[in-house]
Structure formats: structure tokens, C-alpha cells
There are 2 protein chains.
Amino acid sequence: MKQIDAKDRQIIRELQRDGRLTNQDLAERVNLSPSPCLRRVRLLEEAGVIVGYSADVDTRACGFQITAFIRIALQRHEGDAVERFEKRIQDADEILDCFLLTGEADYLLRVVVADLDEYEHFVRNRLHGIPGIGSITTSLVYGTVKSSRVFPL
Amino acid sequence: MKQIDAKDRQIIRELQRDGRLTNQDLAERVNLSPSPCLRRVRLLEEAGVIVGYSADVDTRACGFQITAFIRIALQRHEGDAVERFEKRIQDADEILDCFLLTGEADYLLRVVVADLDEYEHFVRNRLHGIPGIGSITTSLVYGTVKSSRVFPL
DNA sequence: GCATTATTTGGCAGCACATGCCAGAGGCCT
DNA sequence: AGGCCTCTGGCATGTGCTGCCAAATAATGC
């Protein structure tokens, strides 16, 4: 695997800012001509540095009034319970992210749902249906101070 | 402002899955011809439903070994302190996300840095430099079970 | 220091795609 | 049913993508 150099970093930065940048514009911004620029992008994609591209959608405008962060601790940590738990996480579309954390909780989930009714439904029918959960701590998001997809220089 | 219909939702879904989809491919997937499809996309952009597009980059592969979630409670909540705090958040490139939360903490931050040294530097020089912070609780990410950008159906 | 090799770059050509315009289809109210 | 409004589809033009080859630059050996 190749090493990432300064030019690659520039490319990544620009594509994080605008994932639909034209290859020509991108090339111009990083002071390259289109062909080598495109090749670098393809290499970054193949190397798994650039995993994909996506539209950033406003949750509220799209009808999802509730975003919640949920911290979960398991009762037991045998491989079996963990596997089943993570499988259920994968299958729940409302759960966008799930991270393994150090600290008091084991997992941190980010969940979006249309409204409080759906949230209740999600917690009662989905979360509580997963065996092996020890504790659940919910925090609702009532504001977004910052939301960036661009890594620090 | 227009109401979002089923076709718009389909478009949003496809563009969340692949933000670089060609308008032609997109049109095909949602059973539309290119022109009306493109128009819908533009309307969604202008309406602020689609906020932008971005490349999804692997933090580790890009050299950021550490991702941390940091919960912060303020000491005081006068408008002044809050404003200054949030300004500092905006200016810190290491902080990718910052949400206002219900529950014990006031804020949840998502932070990425290259390594533990940089993390220490960030906490000591950036975070502790912000006045008015009451408590800080750090959780390091040591695994990602799920990471999706596609909203539930 | 010079020659050789490897890697990266830039330009060109053919092809696919985006985009604005206009006519036609479908829905809705009266 | 008629008329109005909205949305769709097709076409034409200009722009961008992408693969190939030659030139330039960087790395290596002697």
C-alpha cells in the first residue's frame, strides 16, 4: 500500500468539503492536471482511504425530528452475547452509528426517528427486545453546535 | 416550500448511499427520466434538505488513530459563557461534531486526532483553555460496529 | 556526477453525462 | 368536459470523464 502524501491529503480535504467536485475543479484546486488527479482519487478509493461518497441530509427537514445518543452496557461479555447484540444493531435501520467505547458504557449508538412516538416504539420493541443489555442511558439531541466532515489539517 | 414525496425520499436514499451517482443512474433507480430527476435534486438542495455532499474517509487509514467522544457540562449557563464556549468549539478543527444534549452533560463532542500525544495536547491546550467548563468525561472509541449515512425507510 | 530505471505527470481523443428548453401527459378544480 | 397547473420526457449543446502514450521528474546504481 502506498503512503499518503501532502497532495493526497489536499485531495481528501477538498472531497470532504464537496464530494461532488468535478475532477477538473479538484485538479485545479490541488494544482494538478486532471489525469493524475483522477488516478490519485481512484487509488485512494481502492486503498480504502476514501470509503465512499454520500449526500449530507438535514434530519429535521427530512422528517426525522428526533436524534438520540444512547449509551448501552451489556450484562455479560461472552463472545456469544456480544455477537448477537451486534447483529441486532446491524439490522436496526434507526441506528445509524454504533461505537465501542472505553468508560462506563460499552456502546454508544446514534439513532434517528421521526418523532417521540416512534422513539418510544424503537426503545420498547427494538432495544428492549435485545437480550443481554444491562443498562441504557438516553440523551436526546436538542441542538447542533457543529457538524463537520472535514478532518483537521 | 414543497412537501417531500415518496420519489424525493427515494432520491435522498440513493444519494445517501452513493453521493456521486450520475444523474442518469439516479434517474434509472428511481424510475424517472434524467431531467425531472435532476430538477428534484436541485430543489432538494435549494430547500436545504440536501445540505451538501462529502467523501467518507477512513479515519485510521488517513492517519487519525484516535476518535474520542467527550461529554462536557458547563459551570454556568449565562448566554455569554455559552456563546464563548460555542465559538471556541467552532474554531477547533479537531472537533468534528458538537451536540446539545439532554441528560447529565450539556454537550457531546466527537474529536479526531492523530495519536495519544496529540490527544493530550488537545485536551490540555484547547479544552482546558476554554473558560466555564464544569466537567469533562472522555470515552475513546476502540471499535466501530456500525456507521451508516442512510436514514431509515 | 552521470546514466539508467521507475514513477508520476500532462495532453489528447473519443465517449458519456449534465443541463436548459419546449412540447406533451396527467391531475384537479370548477 | 374544459381549462389550468404541475410534472415529465426528449432533444441538442456544451462540459467533463477516462484511457493511452509521450514527456518530465525523481530515485537508484556505479
Side-chain angles (χ1 to χ4, degrees), chain A residues 1-64 114 149-153, chain B residues 1-64 114 149-153:
Chain A
M1 164 140 56
K2 275 271 96 134
Q3 194 54 32
I4 294 176
D5 65 11
K7 202 126 277 188
D8 289 326
R9 251 179 271 277
Q10 259 186 290
I11 288 176
I12 290 169
R13 194 173 178 75
E14 295 299 332
L15 285 178
Q16 283 185 322
R17 281 205 246 258
D18 181 0
R20 294 213 67 148
L21 258 186
T22 280
N23 182 53
Q24 300 205 5
D25 287 349
L26 177 59
E28 196 173 323
R29 290 189 197 194
V30 302
N31 295 315
L32 234 56
S33 69
S35 341
C37 183
L38 181 64
R39 184 172 0 211
R40 277 170 179 270
V41 172
R42 292 286 173 266
L43 286 176
L44 288 169
E45 288 168 358
E46 280 161 27
V49 178
I50 295 177
V51 179
Y53 300 85
S54 61
D56 304 332
V57 180
D58 186 284
T59 49
R60 313 290 278 283
C62 193
F64 295 93
R149 322 202 141 285
V150 184
F151 293 163
L153 210 160
Chain B
M1 168 143 53
K2 275 268 96 131
Q3 195 54 32
I4 293 177
D5 65 9
K7 202 124 279 189
D8 289 327
R9 252 179 273 276
Q10 258 186 292
I11 290 176
I12 289 169
R13 196 174 178 74
E14 295 299 333
L15 284 179
Q16 283 185 322
R17 279 206 247 258
D18 181 2
R20 295 213 65 147
L21 259 186
T22 279
N23 183 52
Q24 298 204 6
D25 288 348
L26 177 60
E28 197 172 321
R29 289 189 198 194
V30 302
N31 296 314
L32 235 57
S33 69
S35 338
C37 182
L38 182 63
R39 182 156 9 175
R40 278 171 180 270
V41 173
R42 293 284 175 267
L43 285 175
L44 289 169
E45 290 168 355
E46 280 160 28
V49 178
I50 296 178
V51 179
Y53 301 86
S54 62
D56 304 332
V57 179
D58 185 284
T59 48
R60 313 290 279 281
C62 195
F64 296 92
R149 323 202 143 286
V150 184
F151 292 163
L153 210 160

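Every chain is numbered from 1, with letters handed out A, B, ... down the list of sequences.
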Can you tell me how far the [atom1] atom of [X] sits from the [atom2] atom of [Y], to the nearest 0.5 Å?
X: A:Gln16; Y: A:Leu21; atom1: CD; atom2: CG; value: 12.0 Å
X: A:Arg149; Y: A:Asp18; atom1: CZ; atom2: CG; value: 13.0 Å
X: A:Arg9; Y: A:Leu153; atom1: CZ; atom2: CG; value: 9.5 Å
X: A:Ile4; Y: B:Cys62; atom1: CD1; atom2: SG; value: 5.0 Å

Rounded to whole angstrom units, what separation is found between the [atom1] atom of [X] and the [atom2] atom of [N]?
X: B:Lys7; N: D:dC7; atom1: NZ; atom2: C1'; result: 11 Å
X: B:Leu21; N: D:dC17; atom1: CG; atom2: C1'; result: 16 Å
X: A:Arg40; N: C:dG10; atom1: CZ; atom2: C1'; result: 14 Å
X: B:Arg20; N: C:dC17; atom1: CZ; atom2: C1'; result: 13 Å

> Between residues 23-36 of chain A and DNA chain C, which residues have a heavy-atom gap below 4.0 Å?
Replying inline: A:Leu32, A:Ser33, A:Ser35, A:Pro36
> Which pairs pass side-chain hydrogen bond (donor to acceptor under 3.5 Å, both in side chains) with one or both residues in residues 19-32 of chain A, sequence neighbours excluded?
Replying inline: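 Sorted pair list: A:Glu14-A:Arg29.
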Taking all heavy atoms of [X] and all of [Y], pick out the closest pair and write down the distance.
X: A:Ile50; Y: B:Ala55; value: CG2-CB, 4.3 Å
X: A:Asp56; Y: B:Ser54; value: OD1-OG, 3.3 Å
X: A:Asp8; Y: A:Arg40; value: OD1-NH1, 2.9 Å

>> Can you identify which nucleotide, out of D:dT18, C:dT19, C:dC17, has its nearest atom closest to the A:Leu38 side chain?
In response: D:dT18
>> Going by ring-ring contact (aromatic ring centres under 6.0 Å, His included), name the pairs with one or both residues in residues 29-50 of chain A, residues two or more places apart or in two chains.
In response: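 Sorted result for residues 29-50 of chain A: empty, none.
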>> If you take any heavy atom closer than 4.0 Å to DNA chain D, which residues from residues 8-19 of chain A end up in contact?
In response: none
> Using a cut-off of less than 4.0 Å, is there contact between a side-chain N or O of A:Arg42 and OP1 or OP2 of D:dT18?
Replying inline: yes
> Any side-chain N or O of B:Arg39 under 4.0 Å from OP1/OP2 of D:dG9?
Replying inline: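 So the side chain of B:Arg39 is outside the cut-off, no N or O lying under 4.0 Å from OP1 or OP2 of D:dG9.
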> Axis-to-axis angle across the helix from C:dG1-D:dC30 to C:dT30-D:dA1, five pairs an end, to 10 degrees?
Replying inline: 40°
Side chains of residues 41-49 of chain B: which donor-acceptor pairs under 3.5 Å do they make with residues two or more places apart or in other chains?
{"from": "B:Arg42", "atom 1": "NH1", "to": "B:Glu45", "atom 2": "OE1", "distance (Å)": "3.3"}
{"from": "B:Glu45", "atom 1": "OE2", "to": "B:Tyr53", "atom 2": "OH", "distance (Å)": "2.7"}

> Does A:Arg39 reach the side chain of A:Leu32, with side-chain heavy atoms less than 4.5 Å apart?
Replying inline: no
